[in-house]
Structure formats: structure tokens, C-alpha cells
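Please read the structure below before turning to the comments.
Computed from heavy atoms alone, side chains included, the values below leave out hydrogens, waters and symmetry copies. Just so we're clear, the structure is a prediction, and the values are computed from it rather than from any experiment. Both ligands and their constituent atoms are indexed starting at 1 by order of listing.
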Amino acid sequence: MASRLYQWLDGRLKLKSLGHTLLDEPIPGGASWIYVFGSATLFLFLLQAVTGMFLALYYAPTPDHAYDSIQYIEHEVWFGWFVRGLHHWGASAVMVAIGLHLLQVYLYGAYKSPREVMWMVGVILFLIMLTFAFTGYLLPWDQTAYWATQVGINMMGTLPSIGGFLVRILRAGETLGALTLSRFFAIHVLFLPALMLMGVAVHLFILRRVGPAGPWNTEQTQNRSEPFWPRQVYMDAVVIVSLFLLLAALAYFLPFPLADKADPADHSFVPVPEWYFLFFYQLLKYVTGPLEPVATWILPTLFILALLFLPFLDRRSERRPTKRPLVMVAGIGFLIIVFGLLGISLKNLYAIPKSDPSVVQGQKLFVQHHCAACHRIHGEGGKVGPDLSYVGNRRPDRAWHLRHFTDPQSVSPGSIMPKLHLSDQDKNNLASYMLSLKKG
Ligand code: HEC
């Protein structure tokens, strides 16, 4: 029965020759685990597309409802937390996969003639992926989303001549608001997927026209070649299934909480970008004053142009890494700088002022005396009193805190904060903790 149906369909759709075209593509030098990154990237992109479609069923792209709709997905929708988790971790995974794919092609010199156009399309796909990340980040409409996007848009504004134009397109007004959110949503779910699909189609079309590059050692290529099916398909499948299991585990074990709902009036919030933008965030901290444009747009533009035109900068047909020292040094240098900056940035983010025992003691007192019933610190705690996340910046004076703890009304008339009946030592410790709560 099944075979008769197959015969019938084959007579009409030419399935046999289609399977032949899809699966018998020769791989010079044979199948290898090093070639899996392209398929992994494609799989992750498709996973983002599918999880995104399901999220769009419940997500409401307006400032009034976006945050609540995500809360709803997270807590009410059947398996909503899981789909959101997959989409969240998938976004990170796709960056890793695309980065490894790019590195492999770079190392193997696979961008060289006749694959220049395929490389350039690939670089554009990478830029589209970054735009996906940037636009998706705003959608939950929490504090981090709001303020990180604010920073990103402002940075784009520093671009000469096209900066103003880009800001107008993205922000759609003087401030970040309802129009911005619907723009970001439309770009994220309509424009970018369309561009991405076209780009992927062109990328794969060229791949089939010129074939995979194979090993850098061309003698190996001439002697041996193997069809895509079955070994390369098997390797790709193993990687794809493992990736899915990894993402499912991340979604299950590491739920990704929202920050507080976006508050456009709260200028004290210091946003932290996603990890794949962190190295850049760190760079921006070092380059200030008149040199700022160097970091905000000159370096990124030069980097993108160099990447895009790499096949024309490194034109010799030689592909062996040992024979391309300049390209290798440039690549390794770039990686060292990026990972160095990322490391410094992560270290700063997770450096808790553990060293000062007075601060540690103060932190304990803060918990013991239920200060969090009224005060929030980085999203945790009540909203009766002011947010204390950065109280050290706002109130840098120890004496003020000591007076305030003893009698809040003496420095803040009408305060409803209860007087603290603590020893001077403990008040001092609590003040140390307050002073330690600072930005950066
Ligand atoms: C019943 C609610 C309540 C509790 C409990 C409470 N506070 Fe407050 N706190 C307030 C209110 C309201 C204010 C704002 C008025 C003022 O400055 O006193 C405030 C202000 C502050 C400020 C000044 C913040 C600023 O930005 O000016 C600090 C510091 C502070 N509280 C620390 C603490 C600590 C430490 C504890 C726990 C020992 C605590 N609070 C417990 C309600 C509370």
C-alpha cells in the first residue's frame, strides 16, 4: 500500500530524483563533525521560528499588556514557560552556533573564491540575527528590556548622517513608547523572518551551486569524496537532537524571570545587555569623551566592512591556516579581545562586595529586620518604600543613614518607615550595606 502510494506520488512529483539531489551531494574529503555548525544554526533558527509562532499566539505588543501577557505565558499557558524558555535559550544558542560556523569557515579559508558571495550572504545573515536579538530583547517590556533598548537606540543615533534616520525608523517618535514596541514587534516577527528566509535560501542555493569547500588540504579533496547521505546526515542529526535536549534542559532547570515592568520614569535603572553584547558594553566603558564615536560606531562599522569584504582582502587561493599567518593573527587577536572584555564584564557583574564584613553583616540585618517587606533591591521586595538598588549613589552619606535609622522622621518628615531599635554597631553595619548598593 505504502509503496504503491509512493510509486503514484513519484510518478507525479519525481521524488526519487529529488531525494537524489538532496542527499547525494558530494562532500570533498568526506563527512566530518566540523561541518555540523551550519546545519545546527539552521535548526536553531527554525526552532526560534516555531517557538516564536506559539509565543505570538499570546503575546500582546503594547506597553499596557506586553509585560502581563508574558507573565500569562509564563504562569497560565499550558507549557508556556517551556516554549518561552526554549525561545530564550535558543536565542543564545543560535548566536553560539552562528559564531562557531563563522569561525570554522574563517579557519578553513572556505570564504575564498568561488565562495565569496556565499560568505557575504552569510555575514548579512549574521547581521540579521543580531537585529533579531536586539528587537526581541525589547518585547517583554521589563526594566532591562526598556533601558537596554534605550541605550542601543541612542548609540545608533551617534552614526553620522544615517543615525537620525535609523533612530526615527526604530523608535517611531521622540520617546520609547507604544509605537516603538509595535515597530520592534513587526520587525521581529515579519520583516526579519522574511529577510532571513530569503537570505538562507540564497546561501543554500549558492552552496549547492559551488559545493562545500572541504578540507584546506586540497590533495585530500581530490582523493576522497563522500555523499551527504548517510554519514553527514547522521552527524548533523546527532548534533541537532543533542542541541534540542540541551535547550529543553535549560528551559526546564533555568527559568528566566522577568525584571520589573518597564518604568520610563525610573532613570536610575542600569541596564545590562545580553551576554553576546556584553563585550561591546565593556568596551564602551573604556572609550569615553571625544573618543566615544570610535567605540559606538567607527569600530563596529570597520569590523562589519572587514568581515563582509574579507574574501577580497585575503585573495590568495591558499587555504592552509599555517600559510595565512596574518589572517590567523587577526582572528585570534579579535577573539582574545572579545573574550577578554566579556570576562572582565562578567567578573564585574558578579563581583559581590563580599570582602567587607560590615557589609555582609548589614546584609544579614536587612533580611532579619524584614526591610524587604517595603524595599526592593534589584527586583526583589516590596514597593512601599523607595527602591534601594542604588541607594549608595543617591545617599552617599553615612551620617544621614544613621540618623535616618534612629528616627526616619528627623531627616524625612512624614516618613512611615519604623524607627530601628538596634545597637550603634548594627546601625553602622546596615549603613555600610546601604552605601555598598551602587551602580557599576
Ligand atoms: C513599613 C515599610 C518600611 C520598612 C519595614 C522599612 N522601610 Fe525604609 N523606607 C520606607 C519609606 C516609606 C521610606 C521613604 C521615606 C524615608 O526616607 O524615610 C524609606 C526610606 C528608606 C531609606 C532611604 C531611601 C532613599 O532613597 O532616600 C533607606 C536607606 C531605608 N529606608 C532603609 C531601610 C532599612 C535598612 C530597613 C530595614 C531595617 C527599612 N528601610 C525598613 C519604608 C520602610
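Heavy-atom contacts of His401 reach the following atoms of ligand 1: 29 (C) (cutoff under 4.0 Å). Every atom of ligand 1 is numbered from 1 in the order shown, and the set under 4.0 Å from a heavy atom of Leu430 is 35 (C), 38 (C). For ligand 1, the atoms lying closer than 4.0 Å to a non-hydrogen atom of Leu420 are 38 (C).
No option in Lys427, Arg398, His401 other than Arg398 meets the side chain to side chain donor-acceptor pair (under 3.5 Å) test with Ser432.
Annotation: cation-pi geometry not satisfied between Arg320 and Trp216 (NZ/CZ under 6.0 angstrom from ring centroid, within 45° of ring axis).
Between Trp400 and ligand 1, not a single N/O pair is under 3.5 Å apart.
At a threshold of 4.5 Å between non-hydrogen side-chain atoms, the residues Glu74 and Phe256 do not count as touching. Inter-residue side-chain proximity for Met196 and Phe45 is flagged as met; some heavy-atom pair is nearer than 4.5 Å. Using a 4.5 Å heavy-atom threshold, the side chains of Leu246 and Trp89 count as separate.
For the residue pair Gln282/Tyr286, the side-chain donor-acceptor check at 3.5 Å is satisfied. Asp236 and Gln232 form a side-chain donor-acceptor contact under 3.5 Å, judged by distance and modelled atom types alone. Using a 3.5 Å distance cut-off with no hydrogens or angles, the side chains of Tyr146 and Asp263 do not pair a donor with an acceptor. Side-chain contact check for Thr62 and Asp64: no donor-acceptor pair (N or O, by modelled atom type) lies under 3.5 Å.
Remark: minimum distance from atom 16 (C) of ligand 1 to any protein heavy atom is reached at Ser412 OG, 3.1 Å. Taking atom 12 (C) of ligand 1 as the reference point, the nearest protein heavy-atom neighbour is Ile416 CG1, 3.5 Å.
For the ligand labelled ligand 1, residue His404 lies inside the 4.0 Å heavy-atom shell.
If you look at Phe405 next to ligand 1, the close heavy atoms, those under 4.0 Å, all belong to the side chain. Contacts between Leu365 and ligand 1 below 4.0 angstrom, taking non-hydrogen atoms only, are absent altogether.
Around the CG atom of Leu326, the shell of radius 6.0 Å holds no more than 12 heavy atoms that belong to other residues, nucleotides or ligands.
Salt bridge status for Glu318 with Arg324: absent, with no side-chain N to carboxylate O gap under 4.0 Å.
Between Arg395, Gln368, Arg394, it is Arg394 that holds the heavy atom closest to atom 26 (O) of ligand 1.
Each protein N/O/S atom under 2.8 Å from atom 8 (Fe) of ligand 1 was counted, for a total of 2.
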